[in-house]
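Everything below concerns the one structure shown next.
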There are 2 protein chains.
Amino acid sequence: MALDHAILVSLLEKPGSGYELARRFERSIGYFWTATHQQIYRVLKRMESDGWVDVRDVPQHGRPDKKEYSVAAAGRDALSAWLHAPIEPESVRHDLAVKIRGAAFDDPAALIGEVERHRQAHTDRLARYLAGEARDFGTPAPEDVRPDGDDPRVTDTPPDVDEPRDSGGQSGVERPLDAERELQHAVLRGGIAYERMMIAWLDDVLATLARFRTARS
Amino acid sequence: MALDHAILVSLLEKPGSGYELARRFERSIGYFWTATHQQIYRVLKRMESDGWVDVRDVPQHGRPDKKEYSVAAAGRDALSAWLHAPIEPESVRHDLAVKIRGAAFDDPAALIGEVERHRQAHTDRLARYLAGEARDFGTPAPEDVRPDGDDPRVTDTPPDVDEPRDSGGQSGVERPLDAERELQHAVLRGGIAYERMMIAWLDDVLATLARFRTARS
DNA sequence: ACTCACATGTAACGGGTTACATGATTGA
DNA sequence: TCAATCATGTAACCCGTTACATGTGAGT
């Protein structure tokens with residue numbers, strides 16, 4: 001249900017096409033929500049017919065034309081209503097934890113490679129988040145980048161927050177840009193804390209699994 | 001897709017009825033997976049017709065009869081195959097983070113109460129996990145129970161890991177009970193680390209939101 | 001009489017995933 | 001010529017959520 005609202009927030013931060021939204025969901029918004037382009041186009045169409053968003057055809061040179069979506073008044077109201085309604089603390093779903101408990105019934109040590117793969121994925125994500133934080137929020141990013149030894153091997157550092165939009169929007173500026181940036185940063189810090197926790201926990205799991213290394217038939 | 005496997009793991013740890021499984025998903029398994037009884041009955045029926053589980057009618061005195069499910073050979077094979085196949089690191093979905101970024105466009109301070117509610121829920125869960133850990137794994141649970149001041153107010157302490165099953169199963173004991181307990185404990189430690197991280201992050205968010213307390217029109 | 005815990009389901013809806021499909025332009 | 005990026009969609013399936021439904025026995 002919150003995909004609608006995630007899209008609204010993203011369009012408020014900066015209007016854009018379905019394709020552009022899909023890329024944002026692989027970057028900054030991906031810290032806390034994922035969505036494929038199929039989902040996004042479906043929701044955009046519904047929100048358009050509900051009058052939550054406005055569409056504008058943008059012809060482009062050297063590229064296919066695109067539809068630029070922006071939030072309409074009704075969409076803003078819907079978002080506001082959702083923001084003021086309480087939501088239940090989210091339920092967790094960790095496939096890997098199912099595997100770890102299941103490993104007790106099938107060679108625990110065989111899981112080590114899989115857990116290491118996940119640890120690497122989280123290390124990569126952490127490196128991306130930290131690079132984005134340094135770039136977009138100018139944090140010094142000093143000493144303890146990693147809670148433990150092991151090379152993060154950063155592969156790429158694309159911008160995680162979309163380029164700051166031009167300060168002159170035509171739809172009534174309503175809030176100092178500070179709040180937008182500060183809250184984006186707070187969410188990013190949550191992503192960083194999450195990745196750090198996961199890496200530390202996966203190290204814990206690896207140490208536990210290692211104790212069963214010779215136990216198989 | 002992993003609900004099937006979560007149920008198989010739970011039934012391997014101890015056979016039981018759909019109703020009992022539903023209660024386990026509110027307790028120990030709830031650390032990493034949630035499911036309602038409707039889902040569970042649906043999956044059990046499918047797994048039964050696929051020969052993954054066996055059913056046994058158990059008449060009871062003073063209570064409705066129940067169907068006790070246990071894992072069949074085919075179910076064990078299916079679980080094993082899944083354990084050996086790689087899975088992608090899970091995608092995150094945090095409604096609250098959507099709200100936090102959305103708050104920039106609608107009175108940030110209005111979110112404070114909501115964030116405090118979530119903080120309390122995570123504090124409660126942490127207290128439950130720690131109580132379960134102390135009970136089932138005998139950890140001393142010493143100094144820093146909470147990373148910050150605020151009363152957790154523990155309401156209840158039900159058993160989080162189901163009672164240790166009788167050591168004499170009839171279906172071929174294959175592994176010292178150590179692995180089962182150690183891995184359950186590792187997963188529980190993950191739940192504890194997650195709740196601690198969330199509490200610390202929500203404090204961070206609250207501090208950030210407080211900076212916008214007087215900013216509304 | 002009423003409520004709670006136990007116990008098992010059906011049905012409808014909506015959202016997420018995966019597969020399939022099209023077409024333009026740029027650069028190797 | 002082939003692959004990659006930009007750009008937008010349709011269709012089918014499965015899973016999770018919510019609402020509805022039924023019935024027993026124990027305790028207040």
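Quick caveat: nothing in here was measured; it's all calculated off a predicted structure. In the text below, chain A, chain B and the rest are named by the order of the sequence lines, each starting its count at 1.
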Query raised in the report: Base, sugar-phosphate, or nothing for A:Thr34, non-hydrogen atoms under 4.0 angstrom?
Result: nothing

Query raised in the report: Does a nitrogen or oxygen in the side chain of B:Lys45 sit under 4.0 Å from OP1 or OP2 of C:dT8?
Result: no

Query raised in the report: How long is the line joining NE2 of A:His37 and C1' of D:dA11, in whole Å?
Result: 13 Å

Query raised in the report: Quick one: which of D:dA11, D:dA19, C:dT8 gets closest to the side chain of A:Gln38?
Result: D:dA11

Query raised in the report: Given C:dG16, C:dG9, D:dC6, which nucleotide is nearest the side-chain atoms of A:Pro64?
Result: D:dC6

Report task. Go through C:dG16, C:dT18, C:dT8 for me and flag the one nearest to the A:Thr36 side chain. Result -> C:dT18

Query raised in the report: Taking the side chain of A:Gln39 as its heavy atoms from C-beta onward, which of C:dC6, C:dG16, D:dC6 lies nearest to it?
Result: C:dG16

Report summary line: Separation of D:dT5 atom C1' from A:Glu26 atom CD, nearest Å, is 12 Å

Query raised in the report: Tell me: OH of B:Tyr19 to P of C:dG9, nearest whole Å?
Result: 14 Å

Query raised in the report: Atom OH of B:Tyr41 to atom P of C:dC6: distance rounded to whole Å?
Result: 12 Å

Query raised in the report: According to a strict under-4.0 Å criterion, is B:Gln60 in side-chain N/O contact with OP1 or OP2 of C:dA7?
Result: yes

Query raised in the report: Quick one: B:Lys66 NZ to C:dA5 C1', roughly how many Å, whole number?
Result: 14 Å

